[in-house]
Visitor: 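Please read through the structure below; I'll follow up with questions.
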Amino acid sequence: MAFDSEQAHRRWISGDAVARLPSGRLPARSPIDGDRVRIEPLDPAIHAGDLYQASHGSDAARQIWDYLPWGPWPDQDLFATWLKGLAGSSEFIWYAFRSPVNGRAQGMACYFDFAPADGVIEI
C-alpha cells in the first residue's frame, strides 16, 4: 500500500528563540492524589492482588496482554514476582493507579527514558 498522497501536517514556525529549559529532576516516588485517580509508587506487597485481578480476572481483562511483550501469568505469585522486578528497577519508575471509587489498584504505568539534564522524560 502506497502513501503517496499522505501530507505532513503544516505547522507555523515562528522563528522565535526557545528559552533553555531548566535541568529537571527524576520524579519522586511519592503518591499523587487527583480527582479521579490516586497514583502510588508500585509496591507489589500492596498492589499485586488488585492488579492481578484487574488484568487476569476475566477473559476480557486478560486481553490487555495481547499486545504487550510480557504476560499473562498463570498465577498471582508469578505476577507478584514480576512486579517486584519492576518496582526495583532504576531504568523505569513504576506507579499503580488506584480508583477513589472502589479503592482498588486497577492499572499501572511508568516513567522511562529520562534525561533530567535535558528536561526529558517519557510516560
Side-chain angles (χ1 to χ4, degrees):
M1 174 183 238
F3 294 100
D4 296 330
S5 63
E6 187 173 316
Q7 297 289 323
H9 178 70
R10 302 192 119 205
R11 294 180 284 184
W12 177 71
I13 300 174
S14 71
D16 294 342
V18 177
R20 175 146 172 81
L21 294 173
S23 294
R25 297 186 316 188
L26 292 176
R29 292 183 193 238
S30 58
I32 302 168
D33 288 305
D35 293 337
R36 295 188 167 96
V37 68
R38 176 177 168 88
I39 301 172
E40 302 173 344
L42 180 62
D43 184 339
I46 295 170
H47 301 119
D50 286 348
L51 291 173
Y52 186 79
Q53 181 60 35
S55 63
H56 292 77
S58 68
D59 289 338
R62 275 189 295 281
Q63 287 180 344
I64 192 171
W65 305 109
D66 287 353
Y67 301 102
L68 292 173
W70 350 264
W73 283 263
D75 61 57
Q76 185 175 318
D77 289 338
L78 289 173
F79 179 72
T81 299
W82 177 69
L83 290 181
K84 287 177 189 175
L86 298 181
S89 172
S90 60
E91 294 180 41
F92 301 86
I93 300 175
W94 284 92
Y95 294 88
F97 300 141
R98 185 180 299 280
S99 167
V101 175
N102 62 25
R104 291 191 298 266
Q106 296 182 278
M108 52 193 271
C110 69
Y111 291 118
F112 63 101
D113 285 344
F114 25 83
D118 299 323
V120 174
I121 193 164
E122 291 188 44
I123 300 174

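Just the heavy atoms: all of them, side chains too, but no hydrogens, waters or symmetry mates, feed the values below. Small disclaimer: the values here were computed from a predicted structure and weren't measured.
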Visitor: Would you check if the side chain of Asp118 reaches a backbone N or O of Val120 as a donor-acceptor pair within less than 3.5 Å?
Guide: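 A pair under 3.5 Å: no.
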
Visitor: First locate atom OG of Ser58, then atom CD of Gln53, and finally report the distance between them rounded to the nearest 0.5 Å.
Guide: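 Rounded to the nearest 0.5 Å, the OG-CD separation comes out at 8.0 Å.
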
Visitor: Indicate the atoms forming the closest heavy-atom contact of Ala54 with Ala105, along with that distance.
Guide: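 Shortest heavy-atom separation between Ala54 and Ala105 comes out as CB-O, 4.3 Å.
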
Visitor: Measure the spacing between CD of Glu40 and CZ of Phe97 and express it to the nearest 0.5 Å.
Guide: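 Reported value, rounded in 0.5 Å steps: 11.0 Å.
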
Visitor: Is any side-chain heavy atom of Pro41 closer than 4.5 Å to a side-chain heavy atom of Pro31?
Guide: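 SC-SC contact between Pro41 and Pro31 confirmed.
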
Visitor: Any side-chain to backbone donor/acceptor pair from Arg62 onto His56? Under 3.5 Å, distance only.
Guide: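 Yes: the side chain of Arg62 pairs with the backbone of His56.
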
Visitor: Determine whether Ile39 and Ile123 fall in the same hydrophobic cluster, where Ile, Leu, Val, Met, Phe, Trp and Tyr are linked whenever their side-chain heavy atoms lie under 4.5 Å apart.
Guide: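 Linked within one cluster.
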
Visitor: My understanding is that only residues two or more places apart in sequence, or in another chain, count here; which of them pass side chain to side chain contact (heavy atoms under 4.5 Å, CB included) with Pro27?
Guide: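 With neighbours one apart ignored, the set is Ile93, Tyr95, Tyr111, Ile121.
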
Visitor: I'd like to know if the side chain of Thr81 reaches the main chain of Asp77, judged simply by a donor and an acceptor atom lying under 3.5 Å from each other, with no hydrogens or angles considered.
Guide: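 Judged by distance alone, yes, a pair lies under 3.5 Å.
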
Visitor: I'd like to know if the side chain of Arg38 reaches the main chain of Asp33, judged simply by a donor and an acceptor atom lying under 3.5 Å from each other, with no hydrogens or angles considered.
Guide: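 No, the answer is negative, given that no donor and acceptor are paired below the 3.5 Å cut-off.
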
Visitor: In the hydrophobic clustering (ILVMFWY, side-chain contacts below 4.5 Å, transitive), which residues join Met108, or is it alone?
Guide: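 Joined to Met108, directly or through intermediates: Leu42, Leu51, Tyr52, Ile64, Trp65, Leu68, Trp70, Trp73, Leu78, Phe79, Trp82, Leu83, Leu86, Phe92, Trp94, Phe112.
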
Visitor: Is the count of non-hydrogen atoms from other residues, nucleotides or ligands lying under 6.0 Å from Glu122 atom CD greater than 12?
Guide: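 Yes, CD of Glu122 has more than 12 neighbouring heavy atoms, counting only those of other groups under 6.0 Å.
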
Visitor: Evaluate the criterion side-chain contact (heavy atoms from CB on, under 4.5 Å) for residue pair Arg98 and His47; output intermediate values, then yes/no.
Guide: CA-CA 9 Å; Arg98 185 180 299 280; His47 301 119; 3.5 Å; yes

Visitor: Test of understanding: with side chain to side chain contact (heavy atoms under 4.5 Å, CB included), list the residues that count as partners of Ser99, not counting sequence neighbours.
Guide: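 If we apply the side chain to side chain contact (heavy atoms under 4.5 Å, CB included) test to Ser99, skipping adjacent residues, the hits are Val101, Asn102, Gln106.
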
